[in-house]
Amino acid sequence: MVDLFPKGRLFSDCTRTFCVGAAPEALAAAHAAVHAALAAAHAGAVPGARGWSLQEETCRILAERGYPTPITHPGTLAGYVHGLGHGVGYELHEYPSFKQPAAGEGELAVGDVLTLEPGLYDASPGGYGVRLEDLVHLAESGPENLTPLPYDLDPRAWR
């Protein structure tokens with residue numbers, strides 16, 4: 001898993017997961033689940049949406065595939081263990097917030113730059129870590145993905 005968050009005047013943020021050689025079945029399944037959750041987050045990231053609502057939908061998608069989430073298993077250290085995203089700008093973590101208690105700070109608005117970054121983790125021996133993170137600009141028409149990287153686990157497919 002490679003997580004890049006370069007900073008010039010403003011921050012940027014993206015993550016991709018690679019596997020050299022054949023992906024074990026559990027890793028391939030986790031990657032597919034994370035990719036599905038990311039696609040749903042992109043579809044739901046529209047002006048007026050709440051970050052927490054997107055987090056809840058991500059938890060629902062991953063829980064339906066059998067993974068623990070912060071909603072189904074509070075405090076979990078396996079499965080989906082973090083939030084869906086955060087605002088990006090002069091600091092790496094800005095508003096909008098994807099946390100439950102966020103009031104107005106959790107509402108997505110036109111012009112926001114944010115990340116969408118579902119991930120699944122298994123720290124057991126032979127386990128895995130999968131995260132796909134896109135940097136997104138929220139336009140009036142919806143999310144514009146600023147991360148021009150493929151999602152494939154096999155880096156040879158990136159040619």
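Computed from heavy atoms alone, side chains included, the values below leave out hydrogens, waters and symmetry copies.
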Please list, chain by chain and in numerical order, all residues satisfying ring-ring contact (aromatic ring centres under 6.0 Å, His included) with His35, sequence neighbours excluded.
Tyr151
Side chain to side chain contact (heavy atoms under 4.5 Å, CB included) involving Pro24 - partner list, sequence neighbours excluded:
Cys19, Leu27
For Ala26, the side chain to side chain contact (heavy atoms under 4.5 Å, CB included) test, sequence neighbours excluded, returns Tyr128
Going by chain and number, the hydrophobic cluster around Val20 (ILVMFWY, side chain to side chain under 4.5 Å) further includes none
Using a 4.5 Å side-chain heavy-atom cut-off and chaining through intermediate ILVMFWY residues, the residues clustered with Ile71 come out as Trp52
Identify, with sequence neighbours excluded, every residue that meets side chain to side chain contact (heavy atoms under 4.5 Å, CB included) alongside Lys99.
Ser97, Pro101
So the salt bridge (Lys or Arg N to Asp or Glu O under 4.0 Å) pairs with at least one residue in residues 6-22 (sequence neighbours excluded) are Arg16-Asp134
Taken in chain and number order and not counting sequence neighbours, the residues that satisfy side chain to side chain contact (heavy atoms under 4.5 Å, CB included) with Val2 are Leu4, Phe18
Tell me which pairs pass salt bridge (Lys or Arg N to Asp or Glu O under 4.0 Å) where either residue lies in residues 104-125, with sequence neighbours left out.
Glu117-Arg131
Would you please name every residue forming a ring-ring contact (aromatic ring centres under 6.0 Å, His included) with His86, sequence neighbours left out?
His93
Hydrophobic clusters join Ile, Leu, Val, Met, Phe, Trp and Tyr when side-chain heavy atoms are under 4.5 Å apart, directly or via other members; which others share one with Tyr90?
Leu10
With a cutoff of under 4.5 Å between side-chain heavy atoms, which Ile, Leu, Val, Met, Phe, Trp and Tyr residues group with Val81?
Met1, Tyr121
